[in-house]
Asks: 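The structure is given below, and queries will be raised subsequently.
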Amino acid sequence: MKETLRSMILAAVDAAFQKGLLATAALPEFDIEEPRSREHGDFATNVALVSASVQKMAPRKIAQAVVGQISDPSGLLLKAEIAGPGFINFFIRPEVWLSVLKDIHDLAERFGACDIGRGRRVQVEFVSANPTGPLHVGHGRGAAVGDSVANILSLCGWQVEREYYVNDAGNQIMTLGRSVLLRLRELEGQSIEFPADCYQGDYIREIARRLRESHGEELAGMDGGQAIEFCARVAAESILEGIRDDLHSFGVCFDRWFSEKSLVDAGDVDAALQSLQEADAVYESDGALWFASSRFGDEKDRVVVRGSGDKTYFASDIAYHKNKFDRGFDRVIDVWGADHHGYVPRVKAAIQALGKSPEALDVILVQLVALLREGQPVSMSTRSGEFVTLRDVIDEVGADAARFIFLSRHYDSPLDFDLELAKKQSNENPVYYVQYVHARIASILRKAEDDNMVSGYTGTPELERLREPEETEIVKTLARYPEVVLSAARFLEPHRVTFYLLDLAAAFHSYYAKHRVLVEDVGLAAARLYMVCAVKQVMRNGLALLGVSAPESM
RNA sequence: GCGCCUGUAGCUCAGCUGGAUAGAGCAACGGACUUCUAAUCCGUAGGCCAGGGGUUCGAAUCCCUUCAGGCGCGCCA
């Protein structure tokens, strides 16, 4: 629609110039937007305003010249008005909007899809929590954002792969092993002082207990180092298993779980360092090997191999990102906690040093989540081990509510997650407001079927009978959906979909309160059913992008 | 100290990459169920877009600066 308007405007400007009404055919960039006020029409353009300086004319005069030359063969327009400082407001004939209803019925779950991805491959890596403890609420937010971004890109023609990077190679895994072994010794009656730098949570005790039952004797025969390694491996596997389960319950499914250890074992870290060496981007100093990341926009250079000979975490991360691009992804998206933001420049630097475009990497920095209960902060100290896990949240408030809340804000904005509020099935909780639309429509459809009200009606629905202002409002809102999806994909911002669904829900509830769908007049009822089905479809599509279910009843 | 992010109604947040009189929800107040689900709807009230400068036809939006908050500045991961 916008594009049609755009070409109509271009043609009008050209015609005006031909007739000598304008000084030049030159045209700066101009916008067509949807004004917030209804009095300003369905669309408005600022052509006249931005042309003022090149035309050396008053904006309103330019607008007059342009409006006078608009030709509208397909009868889109009700009228075009000049308003304010020189805006041109377009009023679309109400019937024109109705065509979107047919599109929705024809395209069904593909309504809203587009092909800006053109089949290119994108990898979305998210969550990637260390397998040293259960997922917490912050990971949940990252999971919701990453999964939804993946859904959105997929609908927009990208070939998407979801990946979880498992940090199973570093020091923290050894610390995990040590923690478990110490708890195990404790169970065997030894009195030990549990170090502060070990993992404190009760889940460590639980793993130790199970390990003692299953492999107690085996462990007794090992020396210290072997035992730690053994404990580490078993514990990490078990924790990862739990993480998988939690994410499964949360509705998140990864295409690949990528092990850092596999990267190390395959020699990819050394290979990556070698590549940096060949690019002349590393040097030795103070006994360590440094990556000259400051040459690629980072604040300072970074160590990749320590004086001890151990490689840093950053070294494997360089190798991991190299690996991503070597796998042929056209684009890579990392979802991180915002506390890692300082890390972005060095990873981009590494990508650049390896000869890739740093623009092929997008990092989404998700702000932290503050957990509340009835407005009071819930202690989330990892050290005490008394944190509320993602599992707890799913069990208490449900995956749908949790995901919706996580996606109800821009990821840039810190989020207060109130457990009591998330549980409330009331108007304070927007999840149900949106889901209720789907359930209500499902109920109407059941009723329509039971009463055989419309089944006798076989003709094409007479959509032009949808004349109520609330109906036009719904139809126009539906027509906006593809653009919402597109902008969500362009900016990697799922919350746009969330806000859209709230808008659509409001339009529907408002309509529902005022008008009856299943009226005596079968022709009208059929048309309304047709529209309401379209609302249901778009609701379902949008909720699917968020990973939230669309219930048939509530 | 330096860097990144944030500051919009009492509270929680949108604001379509510069547009017209800044919008929702909650909370407050007043109304609406004999109907397809009231988990809903309708109305009222609520603002120096943190402060100050600039850029231009036009700024919540862009630039500079001050203030306030969050986060980051390891041979940790």
Side-chain angles (χ1 to χ4, degrees), chain A residues 31 33-37 39-40 44-46 49-50 52-53 58-59 83-87 89 130 132 167 169-173 175 197 260 285-290 299-300 302-314 316-317 337-345 365 367-368 370 375 408-410 412-416 418 421 424-437 439-448 450-451 453 480 483-484 487 490-491 495-496 498-499 502-503 505-506 508-519 525 528-529 532 553-554:
Chain A
D31 286 326
E33 49 159 29
E34 296 158 47
R36 31 172 162 250
S37 163
E39 290 138 47
H40 296 140
T45 181
N46 61 352
L49 292 165
V50 296
S53 57
F87 287 101
N89 295 334
N130 292 343
T132 54
N167 292 115
N171 287 334
Q172 84 280 4
I173 287 294
T175 305
D197 65 335
E260 179 189 4
S285 174
D286 300 327
L289 190 69
W290 298 71
E299 277 176 22
K300 51 187 257 191
R302 311 287 173 178
V303 169
V304 284
V305 181
R306 292 196 278 268
S308 63
D310 294 332
K311 294 166 194 91
T312 60
Y313 172 82
F314 182 43
S316 33
D317 227 19
D339 51 340
H340 288 75
H341 67 82
Y343 207 71
V344 177
L365 296 168
Q367 285 291 341
L368 307 182
S408 65
R409 259 159 206 49
H410 190 160
D412 231 9
S413 176
L415 172 69
D416 288 339
D418 194 306
L421 199 137
K424 274 190 197 157
Q425 304 194 347
S426 76
N427 44 7
E428 287 168 78
N429 193 345
V431 195
Y432 301 108
Y433 184 79
V434 170
Q435 284 186 322
Y436 191 35
V437 171
R440 268 186 153 173
I441 296 173
S443 169
I444 294 172
L445 295 179
R446 282 192 296 271
K447 169 91 172 161
D450 289 349
D451 297 359
M453 281 193 80
R480 241 173 65 209
E483 224 175 299
V484 170
S487 74
R490 180 168 297 141
F491 298 107
H495 76 280
R496 290 170 187 255
T498 313
F499 281 94
L502 286 164
D503 274 356
F508 174 78
H509 285 313
S510 183
Y511 174 67
Y512 183 93
K514 202 162 169 190
H515 304 284
R516 221 182 134 72
V517 174
L518 302 175
V519 287
R528 288 184 170 175
L529 264 181
V532 142
S553 68
M554 287 173 68

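Basis for what follows: all heavy atoms, side chains included, without hydrogens, waters or symmetry-related copies. In what follows, chains are A, B, ... by sequence order, proteins preceding strands, each numbered from 1.
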Asks: For a quick check, with a 4.0 angstrom heavy-atom cut-off, what is the B/S/- contact string for nucleotides 38-43 of chain B, read 5' to 3'?
Replies: SBSSS-

Asks: According to salt bridge (Lys or Arg N to Asp or Glu O under 4.0 Å), who are the partners of Asp197(A), at least two apart in sequence or on a separate chain?
Replies: Arg178(A)

Asks: Are more than 12 heavy atoms from other residues, nucleotides or ligands located less than 6.0 Å from atom CZ of Arg446(A)?
Replies: yes

Asks: Do side-chain atoms of Arg306(A) reach the backbone of Thr312(A) as a donor and acceptor pair under 3.5 angstrom?
Replies: no

Asks: Rounding to a whole Å, what distance do you find between Leu502(A):CG and rC26(B):P?
Replies: 11 Å

Asks: Mind checking the P distance from rC57(B) to rC41(B)? Whole angstroms is fine.
Replies: 45 Å

Asks: Which is true for Tyr343(A) with a 4.0 Å heavy-atom rule: it touches a base, it touches only sugar-phosphate, or it touches nothing?
Replies: base

Asks: Sort me out a list of protein N/O and nucleotides 33-35 of chain B N/O pairs below 3.5 Å, or just none if empty.
Replies:
from	atom 1	to	atom 2	distance (Å)
rU35(B)	O2'	Arg516(A)	NH1	3.1

Asks: In whole angstrom, what separates Asp317(A)'s CG from rG74(B)'s P?
Replies: 17 Å

Asks: Using whole Å, report how far CG of Asp286(A) lies from C1' of rC75(B).
Replies: 9 Å

Asks: Considering just the side-chain nitrogens and oxygens of Arg302(A), establish if one lies under 4.0 Å of OP1 or OP2 belonging to rG74(B).
Replies: no

Asks: What do you reckon, do Phe499(A) and the base of rA24(B) stack, with centroid distance below 5.5 Å and planes below 30°?
Replies: no

Asks: Both Arg496(A) and Lys300(A) contact RNA chain B. Taking the nearest nucleotide for each, which residue is further toward the 5' end?
Replies: Arg496(A)

Asks: Do any side-chain nitrogens or oxygens of Asn171(A) fall under 4.0 Å of OP1 or OP2 in rA77(B)?
Replies: yes

Asks: Which part of the nucleic acid, if any, lies within reach of Asn130(A) when heavy atoms closer than 4.0 Å are counted: base, sugar-phosphate only, or nothing?
Replies: sugar-phosphate

Asks: Using modelled atom types and a 3.5 Å cut-off, is there a donor and acceptor pairing between side-chain atoms of Asn167(A) and backbone atoms of Asn130(A)?
Replies: no

Asks: Specify the separation, in whole Å, of atom CG of Leu415(A) and atom P of rC13(B).
Replies: 7 Å

Asks: Arg446(A) or Ala288(A): which one's nearest nucleotide on RNA chain B is closer to the 5' end?
Replies: Arg446(A)

Asks: Looking for any heavy atom pair under 4.0 Å, which part of the strands does His340(A) touch: base, sugar-phosphate only, or nothing?
Replies: base

Asks: When you compare the side chains of Gln172(A) and Thr132(A), does any donor N or O come within less than 3.5 Å of an acceptor on the partner?
Replies: no

Asks: Does a side-chain heavy-atom distance below 4.5 Å link Val344(A) with Leu365(A)?
Replies: yes

Asks: May His40(A) be described as stacking on the base of rA20(B), applying a 5.5 Å centroid limit and a 30° limit on plane angle?
Replies: yes

Asks: Using modelled atom types and a 3.5 Å cut-off, is there a donor and acceptor pairing between side-chain atoms of Ser553(A) and backbone atoms of Ala439(A)?
Replies: no

Asks: Can you tell me the distance, in whole Å, between the NE2 atom of His410(A) and the P atom of rC13(B)?
Replies: 13 Å

Asks: For the base of rG72(B), is there a side-chain donor-acceptor partner from Asp339(A) under 3.5 Å away?
Replies: no

Asks: Using atom CG of Asp416(A) as one end and atom P of rG70(B) as the other, report the distance to the nearest whole Å.
Replies: 13 Å

Asks: Can you find an N or O donor on one side and an acceptor on the other, under 3.5 Å apart, linking the side chain of Asp503(A) with the base of rA14(B)?
Replies: no

Asks: Give each protein N/O atom lying under 3.5 Å from an N/O atom of nucleotides 2-8 of chain B, with the pair distance.
Replies:
from	atom 1	to	atom 2	distance (Å)
rG3(B)	N2	His341(A)	NE2	2.9
rC5(B)	O3'	Asp412(A)	OD2	3.3
rU6(B)	OP1	Asp412(A)	OD2	3.2

Asks: With 3.5 Å as the limit, what N/O pairs link the protein to nucleotides 57-63 of chain B?
Replies:
none

Asks: Check Arg528(A) against His515(A) and note the closest heavy-atom contact, atom names and distance.
Replies: NH1-CB, 4.2 Å

Asks: Once you round it to whole Å, what is the distance between P of rA20(B) and CG of Asp31(A)?
Replies: 12 Å

Asks: With sequence neighbours left out, write down each residue that passes salt bridge (Lys or Arg N to Asp or Glu O under 4.0 Å) with Lys300(A), or none if nothing qualifies.
Replies: none

